[in-house]
Amino acid sequence: QTAIKWRFQTYAGAALGEQVTKPIIDYINSAANGELEIELFYADQIVPTGELFQALQRGTIDGVHSDDDSMASPTPLRQFGGYFPFATKHILDVPVLFNQYGLADIWREEYAKVGVAWLSAAGQDPCNFNTKKEITSVADLDGLKLYTFPTAGRFLAQFGVVPVNIPYEDAEVAVQTGELDGMAWSGITEDYTVGWADVTDYFLTNNISGAWIGSFFANQERWAELPDHLKQLVMAAIEAGHTYRNQWYWGGEARLRAKGEKLALRTVPAAEWAEVENAAKEFWNEVAEEGEIHQKIVSIFREYNDVINQAGPPYTFG
Amino acid sequence: MSYDMIAILMFSTMMVMLLTGQRVFGAIGFVAVVAALFLWGDRGGYDLGFSAAIKVMKWYPLLTLPMFIFMGYILSESKIADDLYRMFHVWMGGVSGGLAIGTIGLMVLISAMNGLSVAGMAIGATIALPELLKRNYDKRMVTGVIQAGSSLGILVPPSVVLVLYAMIARQPVGQLWLAGVLPGLMMAGMFILYIVIRCRITPSLGPALPPEERDVGLAEKLRLLRAGLLPLVIFFSMMVPFVNGWTSLVESSAIGAIAAFLAAVLKRRMTWQVFETSVRNTLGISCMFMWIILAALAFGAVFDGLGAVKAIDNLFTERMGLSPWAILILMQLSFILMGTFLDDTAMLVIVAPLYVPLVGELGFDLVWYGVLYTITCQIAYMTPPFGYNLFLMRAMAPPEIGIGDIYRSIIPFVLVMALALATVMVFPQVALWLPEQVYGK
Amino acid sequence: MNLLRGYVRVIDRINRWIGRVVMFGIFVMMGILLWSTVSKVFFVPSLWTLEMAQFAMVAYFMLGGPYSIQMGSNVRMDLLYGEWSDRRKAQVDAFTVLFLIVYLVILLWGGWDSLMYSFQYGGERSSSVWRPYLWPIKSIMVLGIFLMLLQAISELCKDILRIRGDKIPREVV
Ligand SMILES: NC(=[NH2+])NCCC[C@H](N)C(=O)O
Ligand code: NA
Ligand code: NA
């Protein structure tokens with residue numbers, strides 16, 4: 001029997017992909033006993049991110065790990081995957097929203113409509129800022145050229161941020177060539193892992209979202225052709241990868257803030273940062289207006305937010 | 001068929017196709033898209049060629065390419081370099097070999113004003129070459145001087161080749177450019193030294209000018225020195241804002257292009273003909289590069305998809321068990337070899353994904369490696385059968401300079417460059433000292 | 001043969017004309033980058049400049065490609081080629097240009113698909129905050145590849161004509 005071969009591309013460059021995607025692929029390759037072989041490619045390696053979705057539909061790429069936002073998903077979900085402003089506080093909020101509050105069903109349905117199998121979503125790191133210039137107040141955001149997610153960029157523009165859109169792997173050099181002042185893209189673990197901590201000086205502990213929402217996708221036909229036991233295996237591997245990643249981030253965020261030497265921490269006082277949080281509420285309203293699905297997702301976010309606010313710490317920041 | 005076999009097949013097919021003398025981008029592109037179709041055509045696969053076009057579009061530093069090319073053409077077409085040439089002529093002519101030395105000086109200044117070597121070649125071949133021949137300089141010496149000197153264009157900042165390297169190796173352009181400065185000057189110095197020694201041994205190779213030719217009076221002599229200011233003004237108008245972070249790389253390249261343009265206008269050299277020729281040639285050369293990059297990126301994606309990178313990594317480190325230095329030297333040799341018949345961009349796009357990560361893993365500095373790569377490219381420009389400077393020299397040389405002369409003329413200079421390469425390899429500080437001073441890395 | 005000559009005349013003229021307009025695109029790029037500098041130094045940095053400059057660059061080299069072929073700007077490795085007679089060159093070129101044509105056809109195929117995609121789902125937009133629609137630039141790219149293909153076919157025609165004895169210059173400006 002000949003092996004089924006898949007080509008899989010992740011949003012992450014090699015250094016980060018090593019932690020967030022590769023463990024899953026390695027697990028599948030060794031446990032599938034030769035029945036399924038997945039080749040892993042990193043950001044833009046085969047297809048540039050902008051063309052990734054079509055390539056997935058066509059089958060040039062069989063599987064993808066990405067958020068909906070940066071891969072320019074042609075669904076109403078596009079704005080929500082990635083860092084939807086202030087929708088989450090901690091990494092575990094994401095699986096809860098998907099598995100307990102119904103986001104998974106919405107995602108599965110919407111992607112089925114465009115010929116793509118959505119498999120699973122996971123939380124990753126929060127969205128903080130790492131910059132060359134110091135940020136100590138909301139006003140300092142004004143005029144900063146930041147590499148960020150499309151939706152985050154749209155949100156941050158009201159504070160004077162100039163969002164810049166370039167390939168992920170080019171961001172580090174772009175700071176050095178002056179195209180960027182920094183990033184609003186990740187937590188501190190990623191900053192150190194991919195080298196951004198080497199080119200920027202400050203890390204802002206305030207975030208605009210507590211956890212990234214990234215998903216695993218497969219070409220619909222390719223997924224349908226997979227025998228059941230292999231589907232199970234792929235799903236199990238993804239879950240195992242989620243667990244590994246949760247720990248990697250949770251531990252990394254704490255350790256590098258406490259012990260990391262490359263980035264100086266800065267914080268905008270919580271009372272002042274509330275201005276940004278309040279702007280997010282307004283932003284949610286706007287986005288909810290855009291359609292039925294948007295409405296539904298935003299109401300799920302609101303519902304969950306109510307719950308954690310009532311529950312108090314550690315679900316909230318205290 | 002195993003992936004390794006396919007990779008080897010792709011590479012050798014491409015080489016054979018290049019030998020037929022067809023357009024380089026056609027050969028690379030063909031192998032790339034056909035291989036993609038053959039490998040992945042059962043589902044998709046045909047989109048890879050075009051995906052590369054989107055990559056080119058997103059590769060923002062490529063914007064510097066037309067800017068620096070335009071700058072180069074303005075400088076050569078508008079003859080603002082003539083004054084520079086006269087300056088060196090009068091000041092250096094008295095020494096034996098002095099005009100050749102002056103030509104190297106001219107090339108250094110031209111290099112500081114543009115990112116490629118075409119401008120240097122054009123200026124050297126049109127202004128310096130006829131003058132030198134008229135003064136009975138040895139034709140081989142002169143052809144070699146111009147080819148070698150103009151190749152400094154990619155080592156002395158600004159440099160397009162280093163921009164491309166920076167993008168692929170993910171290294172800071174600012175540091176790479178600064179890293180090229182001292183090796184560039186050192187190499188210029190070595191060229192000069194070679195000329196001096198050579199002319200000392202055989203003075204007939206570069207006879208000194210008779211005094212009446214350069215006796216123009218001290219006032220005039222000093223006035224001529226002012227010509228040297230222009231390159232400095234253009235260079236600093238571009239570099240100062242960039243190094244200080246006021247403008248970005250691509251913005252600086254536009255400032256440089258505009259500065260060169262204004263200089264030509266102010267010196268009243270901007271005729272319609274100069275303008276038209278510069279604009280048209282800029283399109284031609286930019287298209288040449290961009291289409292090669294487009295094709296080579298598709299080739300690189302397929303090559304990468306085959307895991308060729310890992311295979312070669314493996315071969316070098318595990319199976320052959322080579323030491324880091326041995327691997328590094330092998331890499332440089334392979335670059336020199338490839339450079340004899342491949343375009344430097346193609347060379348970079350195809351091989352860098354293989355070499356750069358490996359160099360990093362072996363613990364070498366990637367800024368330093370960028371300089372090594374650039375020097376290798378300079379050698380590649382001049383070594384037959386494929387070399388830009390070689391082509392240009394053949395296109396522009398007067399009839400008394402035959403192809404045999406051109407081929408032979410480069411030999412001593414290639415040796416000098418190899419020596420420079422070795423020097424930078426053994427003493428990385430030659431490259432790294434300046435960026436460390438400026439960026440305090 | 002007259003058909004070939006007619007085709008060459010028409011295509012070369014169209015592509016030359018387009019190329020001669022597009023070559024001034026260098027000033028468009030310069031203008032955008034200059035505005036980018038000015039707006040950054042004196043006002044608020046612009047959101048659209050870098051992306052717009054990238055679009056201009058792609059349009060520049062894709063639409064200008066055919067004219068660059070006419071000018072003979074595309075390098076060849078001329079180890080053997082350089083020594084051949086014009087007739088020999090024409091013979092070999094008439095064959096090897098087929099590879100170029102295949103490349104361009106596949107490029108066009110991928111481009112067409114990507115262009116069609118950009119009209120779907122309410123129109124594909126760039127991921128930047130400026131969010132321009134992508135179909136305009138993709139249309140230009142596809143058009144450029146198509147013109148390049150027409151030019152490659154014209155080169156083939158010219159080589160056939162040269163083999164049959166027509167005198168056609170190898171490069172024109
Ligand atoms: N990036 C390149 N492919 N550069 C090639 C340039 C060739 C030519 N000798 C020049 O420097 O002007
Ligand atoms: Na230069
Ligand atoms: Na060469």
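Labels below follow one simple rule: chain letters A, B, ... track the order of the sequence lines, proteins then strands, and each chain is numbered from 1. As a basis for the values below, the full set of heavy atoms in this structure was taken, side chains included, without hydrogen atoms, waters or symmetry mates. Computed from a predicted model, the values in this text were never measured in an experiment.
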Part of [X] lying under 4.5 Å from any heavy atom of chain B:
| X | value |
| --- | --- |
| A/Glu51 | side chain |
| A/Glu39 | side chain |
| A/Ile166 | side chain |
| A/Asn219 | neither |
| A/Ala174 | both |

Query raised in the report: In Å and rounded to the nearest 0.5 Å, what is the CD1 to CG distance from B/Ile54 to A/Leu52?
Result: 13.0 Å

Report task. Mind ranking B/Gly174, B/Gly45, B/Pro61 by heavy-atom pairs under 4.5 Å with chain A and telling me who comes out on top? Result -> B/Gly45

Query raised in the report: Taking B/Ser252, B/Ala52, B/Ser51, B/Ala36 one by one, which has the highest count of heavy-atom pairs under 4.5 Å against chain A?
Result: B/Ser51

Over all atoms of both residues, closest heavy-atom pair of [X] and [Y]:
| X | Y | result |
| --- | --- | --- |
| B/Asp47 | A/Arg58 | OD2-NH1, 2.6 Å |
| B/Ala301 | A/Gln45 | CB-O, 3.8 Å |
| B/Lys58 | A/Asn165 | NZ-OD1, 3.6 Å |
| B/Arg43 | A/Asp62 | NH2-OD2, 2.7 Å |
| B/Gln171 | A/Gln176 | C-OE1, 4.4 Å |

Query raised in the report: Any chance CD of A/Glu221 has more than 12 other-residue heavy atoms, nucleotides or ligands included, within less than 6.0 Å?
Result: no

Query raised in the report: Taking everything shown except A/Glu225 itself, do over 12 heavy atoms lie less than 6.0 Å from its CD?
Result: yes

**Report entry** A/Val164 side chain reached by B/Tyr60 side chain, heavy atoms, under 4.5 Å
**Finding:** no

Query raised in the report: Contact part of B/Val250 toward chain A, heavy-atom cut-off under 4.5 Å: side chain, backbone, both or neither?
Result: both

Report summary line: Scored by heavy-atom pairs under 4.5 Å with chain B, the best of A/Gly59, A/Ala14, A/Gly195 is A/Gly59

Report summary line: Scored by heavy-atom pairs under 4.5 Å with chain B, the best of A/Val47, A/Ile61, A/Thr60, A/Val175 is A/Thr60

